[in-house]
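Written below as structure tokens is the structure these notes are about.
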Protein chains: 2
Amino acid sequence: MSTDQHKIPQATAKRLPLYYRFINNLHHQGKLRVSSKELSEAVKVDSATIRRDFSYFGALGKKGYGYNVEYLLSFFRKTLDQDELTKVALIGVGNLGTAFLHYNFMKNNNTKIEMAFDADKGKVGEEVGGVSVYHIDQLEDMLKNTDVAILTVPSSEAQNITERLVEAGVSGILNFTPARITVPDHVRVHHIDLSVELQSLVYFLKHYPLDEEE
Amino acid sequence: MSTDQHKIPQATAKRLPLYYRFINNLHHQGKLRVSSKELSEAVKVDSATIRRDFSYFGALGKKGYGYNVEYLLSFFRKTLDQDELTKVALIGVGNLGTAFLHYNFMKNNNTKIEMAFDADKGKVGEEVGGVSVYHIDQLEDMLKNTDVAILTVPSSEAQNITERLVEAGVSGILNFTPARITVPDHVRVHHIDLSVELQSLVYFLKHYPLDEEE
DNA sequence: TAGAAGTCGTGATTTTATTCACATTCTTTA
DNA sequence: TAAAGAATGTGAATAAAATCACGACTTCTA
Ligand SMILES: NC(=O)c1ccc[n+]([C@@H]2O[C@H](COP(=O)([O-])OP(=O)(O)OC[C@H]3O[C@@H](n4cnc5c(N)ncnc54)[C@H](O)[C@@H]3O)[C@@H](O)[C@H]2O)c1
Ligand SMILES: NC(=O)c1ccc[n+]([C@@H]2O[C@H](COP(=O)([O-])OP(=O)(O)OC[C@H]3O[C@@H](n4cnc5c(N)ncnc54)[C@H](O)[C@@H]3O)[C@@H](O)[C@H]2O)c1
């Protein structure tokens with residue numbers, strides 16, 4: 001599956017799910033075609049950037065016409081592996097973890113949280129958002145064929161749990177703890193650091209010119 | 001406050017709160033000095049990048065020595081306006097909103113969620129995580145001197161609420177809804193799109209070589 | 001059917017960010 | 001006090017991303 005053309009820029013790859021969602025919306029609205037300009041207004045990405053992004057996958061559009069929504073949609077479905085479901089485990093059924101379980105990222109996705117783990121006996125055995133919560137001691141037993149984990153434990157536990165996840169064969173971690181975890185080269189971590197996001201927004205507000213740019 | 005040197009690259013500005021947090025940790029641990037190399041290992045940012053980032057603020061370190069933790073800390077405190085508290089409002093006390101209210105980003109921060117709003121009468125009047133929940137109809141009345149809003153409403157409400165926030169004088173919005181909202185130039189929006197984050201992680205796992213590069 | 005309007009795909013350019021690599025300076029120690 | 005070692009700050013190089021700008025082709029309209 002790790003096909004040749006991993007020459008897609010990372011910045012592009014990060015935008016693909018966004019495009020996918022909006023194209024899906026358009027489809028539901030019954031739109032038949034769309035231009036890079038329209039799409040640009042909807043997703044707030046420069047239209048030239050959109051055309052460039054799409055062009056890495058070949059000629060998806062028609063000059064003078066734009067893009068066929070149906071075609072684009074089927075292309076993205078294929079590319080983002082809509083069909084092949086990625087199993088996700090969530091570790092730490094606290095405030096954040098619970099919110100994620102209720103949401104479960106299922107709107108138009110290729111991912112599903114299949115199980116959750118917690119150290120708190122009070123939570124073990126419950127179902128949250130339709131997902132069973134197991135005890136963290138059972139992690140190694142239960143975690144089969146699970147590629148991705150969402151980490152929402154206290155930051156002090158993050159590194160320890162990470163090592164167990166890696167050992168159990170997880171290859172991608174979405175880390176919501178403020179800890180910067182260390183992993184082997186073959187594991188990919190995306191840090192989502194909500195406090196940093198808030199603080200950097202505040203920094204931009206205070207230090208960057210109010211009008212123009214961005 | 002919007003000082004001259006807004007010539008700090010955006011990429012640098014986004015890392016500042018991260019640095020700040022780790023320096024704070026070091027300080028608590030009683031460390032007196034730190035090198036860019038050590039810091040690099042902790043925050044997973046190349047050491048040259050760290051030195052470059054710091055250098056935008058002048059010479060914060062000493063050659064052959066490294067950085068004095070205390071000095072660095074006081075510098076960051078000043079720079080990130082630790083003293084001046086930024087008031088934040090949260091709109092939408094649902095799954096995510098509730099989690100944020102309980103957390104309240106107060107660990108070492110310059111931000112505080114001071115009030116929350118929801119359309120659900122059942123939630124109005126409650127206190128969640130020590131924050132009072134008001135009815136969304138009261139938004140314009142209550143929202144004074146609030147610069148930043150966190151948006152955790154259903155995506156269909158996002159644009160509408162955004163317009164009211166902007167009208168009420170908010171200049172920064174942290175948007176957790178999948179909707180890409182439209183704002184005037186003087187308002188800054190940071191989108192945090194959790195589904196996209198998860199999907200793009202999956203995409204990277206499937207399409208990018210397993211070893212090397214992160 | 002012809003001309004106008006619209007839009008893509010992409011070379012070229014520009015902008016932004018990262019990384020290399022080293023002269024310089026500080027610390028430490030004997 | 002001198003020599004070895006450590007680590008900064010930064011010019012230069014490189015890499016990555018965004019944007020410009022236009023030729024080529026499509027569609028629409030009269
Ligand atoms: N809640 C937020 O809004 C928010 C915002 C930013 C960052 N974070 C970070 O996200 C993480 C989770 O935050 P939270 O508010 O949900 O915390 P929380 O305390 O509500 O939840 C943590 C959960 O992890 C469980 N846990 C503890 N040790 C464990 C272990 N060894 N194995 C398995 N489970 C374990 C706890 O029982 C608890 O249910 C924290 O690292 C926090 O810093 C949270
Ligand atoms: N929960 C998650 O894990 C998660 C993940 C990704 C994205 N999101 C996005 O975050 C947003 C919130 O998600 P959630 O799971 O918390 O949803 P939710 O339905 O639990 O919460 C939404 C809250 O907004 C309130 N609300 C509705 N209309 C309102 C209005 N006009 N004014 C004020 N409040 C109003 C509702 O009463 C409810 O309390 C959604 O847009 C969702 O797509 C959530």
Side-chain angles (χ1 to χ4, degrees), chain A residues 5-16 18-19 23 26 31-72 75-76 191 200 203-204 207-209 212-214, chain B residues 5-16 18-19 23 26 31-72 75-76 191 200 203-204 207-209 212-214:
Chain A
Q5 8 98 292
H6 71 272
K7 268 305 86 187
I8 288 141
Q10 301 223 356
T12 296
K14 288 195 182 167
R15 284 187 290 262
L16 296 180
L18 182 63
Y19 295 145
I23 291 158
L26 292 176
K31 279 207 92 186
L32 298 179
R33 63 149 144 165
V34 65
S35 68
S36 59
K37 185 145 165 292
E38 285 174 276
L39 216 37
S40 168
E41 277 149 27
V43 300
K44 316 290 180 195
V45 170
D46 186 272
S47 68
T49 301
I50 293 177
R51 293 200 300 282
R52 173 80 61 197
D53 284 346
F54 286 6
S55 78
Y56 292 114
F57 299 95
L60 302 181
K62 283 211 191 89
K63 299 185 178 188
Y65 173 86
Y67 301 90
N68 178 291
V69 171
E70 185 107 28
Y71 179 72
L72 221 42
F75 168 78
F76 272 97
H191 292 277
S200 79
Y203 181 84
F204 278 113
H207 296 270
Y208 283 68
E212 77 206 0
E213 63 97 42
E214 152 80 346
Chain B
Q5 9 96 291
H6 72 272
K7 267 305 87 192
I8 288 141
Q10 300 224 358
T12 296
K14 287 196 182 167
R15 285 187 290 261
L16 297 180
L18 182 63
Y19 296 146
I23 291 157
L26 292 176
K31 280 208 93 189
L32 299 178
R33 62 149 145 169
V34 66
S35 68
S36 61
K37 186 147 163 290
E38 285 174 276
L39 217 38
S40 168
E41 276 148 29
V43 300
K44 316 287 178 197
V45 170
D46 186 272
S47 68
T49 301
I50 293 177
R51 294 200 298 282
R52 173 81 59 198
D53 283 348
F54 286 6
S55 79
Y56 293 114
F57 300 96
L60 302 182
K62 284 209 191 88
K63 299 187 178 184
Y65 173 87
Y67 301 89
N68 178 291
V69 171
E70 184 107 30
Y71 179 73
L72 220 44
F75 168 77
F76 273 97
H191 293 279
S200 78
Y203 182 84
F204 277 114
H207 295 270
Y208 282 68
E212 79 207 359
E213 60 101 37
E214 137 79 346

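Since we're looking at a predicted model, the values are computed, not measured. Quick note on labels: first sequence line is chain A, next is B, and so on, each numbered from 1.
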Legend entry - Contact nearer the 5' end of DNA chain D, comparing Lys62(A) with Asp46(A): Asp46(A)
Legend entry - Earlier contact from the 5' end, DNA chain D, for Tyr65(A) and Ala11(A): Ala11(A)
Inset, instruction - For Phe54(A), report the nucleic acid contact type (base, sugar-phosphate, nothing); a contact means any heavy atom under 4.0 Å. - result: nothing
Inset, instruction - Indicate, with a heavy-atom threshold strictly under 4.0 Å, whether Thr12(A) touches base, sugar-phosphate, or nothing. - result: nothing
[X] [atom1] - [N] [atom2] separation (whole Å):
{"X": "Tyr56(B)", "N": "dT8(D)", "atom1": "OH", "atom2": "P", "answer": "16 Å"}
{"X": "Arg15(A)", "N": "dA16(D)", "atom1": "CZ", "atom2": "P", "answer": "15 Å"}
{"X": "Ile50(B)", "N": "dA7(D)", "atom1": "CD1", "atom2": "C1'", "answer": "13 Å"}

Legend entry - Flag, side chain of Glu38(A) to backbone of Ser35(A), donor-acceptor distance under 3.5 Å: yes
Inset, instruction - Verify the contact: side-chain N or O of Ser36(B) to OP1 or OP2 of dA7(D), cut-off strictly under 4.0 Å; return yes or no. - result: no
Legend entry - Contact nearer the 5' end of DNA chain C, comparing Glu38(A) with Arg52(B): Glu38(A)
Legend entry - Per Gln10(A) side chain, nearest of listed nucleotides dA17(D), dC22(D), dG9(D): dA17(D)
Legend entry - Positive for side chain to side chain contact (heavy atoms under 4.5 Å, CB included) with Phe54(A), one of Leu39(A), Thr12(A), Thr49(A): Leu39(A)
Legend entry - Range on DNA chain C touched by chain B, heavy atoms, distance below 4.0 Å: dA17(C) to dT28(C)
Legend entry - Within 45° cone of Tyr65(A) ring axis and under 6.0 Å: Arg33(A) NZ or CZ: yes
Inset, instruction - Determine the minimum heavy-atom distance between Ser40(B) and Val45(B), stating which atoms define it. - result: OG-O, 2.7 Å
Legend entry - Leu32(A) side, atom CG; Leu26(A) side, atom CG - distance, nearest 0.5 Å: 10.5 Å
Legend entry - CZ-CZ distance between Phe57(A) and Phe75(A), expressed to the nearest 0.5 angstrom: 5.0 Å
